[in-house]
J.: 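Okay, here's the structure, questions in a sec.
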2 protein chains.
Amino acid sequence: MRIGELAARGGTTARAVRYYESLGLLPGRRSGNGYRTYDEDDLRLLRQIRTLQDFGFGLEETRPFVECLRAGHPEGDSCPASLAVYRRKLGELDALIGELTAVRAQVADQLARAERARDELAAEAGVPGGPEPECELGGRAT
Amino acid sequence: MRIGELAARGGTTARAVRYYESLGLLPGRRSGNGYRTYDEDDLRLLRQIRTLQDFGFGLEETRPFVECLRAGHPEGDSCPASLAVYRRKLGELDALIGELTAVRAQVADQLARAERARDELAAEAGVPGGPEPECELGGRAT
DNA sequence: CGTTGCCTTGACGCCGACGTCAAGGCATAC
DNA sequence: GTATGCCTTGACGTCGGCGTCAAGGCAACG
Ligand SMILES: [Zn+2]
Ligand SMILES: [Zn+2]
Ligand SMILES: [Zn+2]
Ligand SMILES: [Zn+2]
């Protein structure tokens with residue numbers, strides 16, 4: 001199989017495959033005419049990389065999985081090094097989700113506060129001598 | 001106040017301040033000697049930018065808030081445009097948190113499955129004729 | 001024979017938010 | 001005077017994961 005077919009079957013592009021090879025994640029065997037040539041094992045490697053990429057793993061983080069497969073082990077995550085990456089990633093995900101959740105709450109608070117302020121201004125505007133309308137409609141620039 | 005003091009009081013660097021100015025987020029007033037000069041209002045602008053940055057907003061997303069403040073409105077989020085950014089961001093955060101949570105679950109599944117497979121191999125290894133040890137300890141490369 | 005299609009290497013572009021020199025000007029302190 | 005420290009513009013570097021030409025080779029089809 002040549003690079004185009006490998007890429008298509010792996011759900012990516014030839015350019016990406018060459019890039020993975022440049023990182024040493026995929027082999028660079030050549031056939032007589034100089035074309036890269038791949039077998040089903042290589043497709044497994046590529047699919048392992050893609051799966052992890054879809055999980056948000058960086059390419060370097062896929063290396064233990066790839067090396068595990070290349071060592072002939074049954075799965076890319078048969079090795080302790082791969083399990084360690086899983087665990088580290090779980091920690092990172094939890095931390096990130098926690099941060100994002102906290103930020104979400106803060107942004108929701110800000111929105112609520114700003115809407116409340118806006119409504120109060122609108123209520124005052126209902127009475128004579130109330131404040132001017134909102135932004136874009138004019139303001140007292142400094 | 002000159003750029004160094006502004007940056008320090010705003011919790012950032014002079015380089016960042018110049019960058020914000022290049023985007024039109026901060027003014028570029030100069031004093032006689034060519035130095036940039038700032039007042040307390042500018043510090044409010046900078047702090048508004050930093051706060052939103054800490055929330056993960058892109059600099060372009062801070063523009064409505066900054067323009068609102070520069071228009072003399074009481075808060076950066078007094079304008080509908082700012083509120084719209086808040087709401088859009090809430091949606092993005094919810095989407096992102098959802099994706100990350102789903103990924104977290106998948107990674108946890110993978111980890112559990114891999115650990116189970118490892119333990120099964122270890123159990124079989126306890127009996128004679130069991131499989132070889134894990135990765136890095138040897139494998140039948142292809 | 002030419003045309004098409006896939007392949008090759010090399011190299012620069014992109015995104016965002018700056019960091020990091022380089023080379024020089026201004027102002028205060030000693 | 002000069003040493004120090006902050007300021008100026010300009011320009012290139014960073015990180016990741018490729019995209020996108022450019023210029024040319026190999027193979028099959030008609
Ligand atoms: Zn093979
Ligand atoms: Zn292994
Ligand atoms: Zn002002
Ligand atoms: Zn406003």
Side-chain angles (χ1 to χ4, degrees), chain A residues 1-39 42-43 45-66 85 88-89 92 96 100 103, chain B residues 1-39 42-43 45-63 65-66 85 88-89 92-93 96 100 103:
Chain A
M1 169 173 35
R2 292 176 304 179
I3 196 170
E5 187 183 345
L6 178 81
R9 292 180 62 190
T12 185
T13 67
R15 179 69 181 88
V17 170
R18 291 193 200 98
Y19 182 57
Y20 300 156
E21 178 188 327
S22 78
L23 297 181
L25 292 172
L26 292 181
R29 290 186 308 272
R30 308 302 179 103
S31 57
N33 55 11
Y35 289 9
R36 290 171 178 83
T37 184
Y38 303 95
D39 62 15
D42 301 326
L43 180 57
L45 294 183
L46 179 55
R47 285 184 168 152
Q48 175 75 79
I49 294 172
R50 293 296 303 168
T51 299
L52 296 176
Q53 279 261 90
D54 290 344
F55 285 167
F57 286 52
L59 287 176
E60 282 309 320
E61 293 178 318
T62 72
R63 194 177 296 277
F65 296 82
V66 169
V85 173
R88 189 159 48 77
K89 209 65 188 180
E92 291 176 13
L96 186 53
L100 290 176
V103 165
Chain B
M1 171 175 27
R2 292 177 303 179
I3 195 169
E5 187 184 345
L6 179 80
R9 292 181 61 191
T12 184
T13 67
R15 179 69 182 88
V17 170
R18 289 192 201 99
Y19 181 58
Y20 300 157
E21 178 188 327
S22 79
L23 296 181
L25 292 172
L26 292 181
R29 290 187 307 273
R30 309 303 179 100
S31 56
N33 54 11
Y35 289 8
R36 290 173 179 81
T37 185
Y38 303 95
D39 61 16
D42 300 326
L43 180 57
L45 294 183
L46 179 56
R47 284 184 169 155
Q48 174 74 79
I49 294 172
R50 293 296 304 166
T51 299
L52 296 176
Q53 279 261 93
D54 289 344
F55 285 168
F57 286 52
L59 287 177
E60 282 308 320
E61 294 178 317
T62 72
R63 194 177 297 276
F65 297 80
V66 169
V85 173
R88 188 159 49 77
K89 210 65 188 179
E92 290 176 16
L93 282 168
L96 186 54
L100 290 176
V103 164

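Heavy atoms only: backbone and side chains are in, while hydrogens, waters and symmetry mates are out. Here is how names work: the chains are called A, B, and so on, in the same order as the sequence lines, proteins then strands, and each is numbered from 1. Remember, it's a predicted structure, so these values are computed and weren't measured experimentally.
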J.: State whether B/Glu5 and B/Arg2 are salt-bridged, where the test is any N-O pair (Lys NZ or Arg NE/NH1/NH2 against Asp/Glu carboxylate O) under 4.0 Å.
T.: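 Here B/Glu5 does not pair with B/Arg2 in a salt bridge, since their nearest N and O are not under 4.0 Å apart.
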
J.: Among C/dC26, C/dC7, C/dT9, which nucleotide sits nearest the side chain of B/Tyr35?
T.: C/dC26

J.: Within this structure, what is the CD-to-P distance between A/Glu60 and D/dC18, rounded to whole angstrom?
T.: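 Going from CD in A/Glu60 over to P in D/dC18 covers 13 Å.
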
J.: What's the separation between atom CG in B/Leu52 and atom NZ in B/Lys89, rounded to the nearest 0.5 Å?
T.: 10.0 Å

J.: Using whole Å, report how far CD of B/Glu61 lies from C1' of C/dG16.
T.: 12 Å

J.: Hey, could you give me the CZ/OG1 distance between A/Phe57 and A/Thr51, rounded to the nearest 0.5 Å?
T.: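 Result: 10.5 Å between the selected atoms.
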
J.: Nearest whole angstrom, please: distance from the C1' of D/dT8 to the CD1 of B/Ile3.
T.: 10 Å

J.: In terms of side-chain heavy atoms of B/Arg15, which of D/dA11, C/dC7, D/dG17 is nearest?
T.: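 Taking heavy atoms from C-beta onward, the closest nucleotide is D/dA11.
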
J.: 5'-most contact on DNA chain C: B/Phe57 or B/Arg2, nearest heavy atom basis?
T.: B/Phe57

J.: Does a side-chain N or O from A/Gln53 land closer than 4.0 Å to OP1 or OP2 of D/dG16, or not?
T.: no

J.: Measure from CZ on B/Arg30 to C1' on C/dC26 and round the result to the nearest Å.
T.: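 It works out to 14 Å between those atoms.
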
J.: Which nucleotide sits closest to the side chain of A/Leu59: C/dG25, D/dG17, C/dC18?
T.: D/dG17

J.: Looking across every strand, which nucleic acid part, if any, lies under 4.0 Å from B/Arg18 by heavy atom: base, sugar-phosphate, or nothing?
T.: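 Result for B/Arg18 = base.
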
J.: Take the protein atom CG of B/Leu26 and the nucleotide atom P of C/dA17, then report the distance between them rounded to whole Å.
T.: 14 Å

J.: Give the nucleotide from the list D/dC18, C/dC7, D/dA27 with an atom nearest to the side chain of A/Tyr19.
T.: D/dC18

J.: Provide, to the nearest angstrom, the distance between the CZ atom belonging to A/Arg36 and the C1' atom belonging to C/dT9.
T.: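 Atom-to-atom, A/Arg36 to C/dT9, this comes out as 9 Å.
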
J.: Is there a side-chain contact between B/Ile49 and B/Leu59, using heavy atoms and a 4.5 Å cut-off?
T.: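 Side-chain contact under 4.5 Å: yes.
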
J.: Would you indicate whether the side-chain heavy atoms of A/Gln53 and A/Tyr20 approach each other to under 4.5 Å?
T.: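 Yes, side chains in contact.
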
J.: With DNA chain D as reference, determine whether A/Gly58 or B/Glu5 sits nearer its 5' end, using the nearest nucleotide of each.
T.: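 Closest to the 5' end, via its nearest nucleotide, is B/Glu5.
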
J.: Roughly how many Å is it from OH in A/Tyr20 to C1' in D/dG19, rounded to a whole number?
T.: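 Nearest whole value for this atom pair: 13 Å.
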
J.: Ignoring backbone atoms, establish whether B/Asn33 has a side-chain N or O less than 4.0 Å from OP1 or OP2 of C/dA27.
T.: yes

J.: Whole-Å distance between D/dG17 C1' and A/Glu21 CD?
T.: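 Those two atoms, CD and C1', are 16 Å apart.
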
J.: Among C/dA27, C/dC18, D/dG19, find the nucleotide with the atom closest to the side chain of A/Thr13.
T.: D/dG19

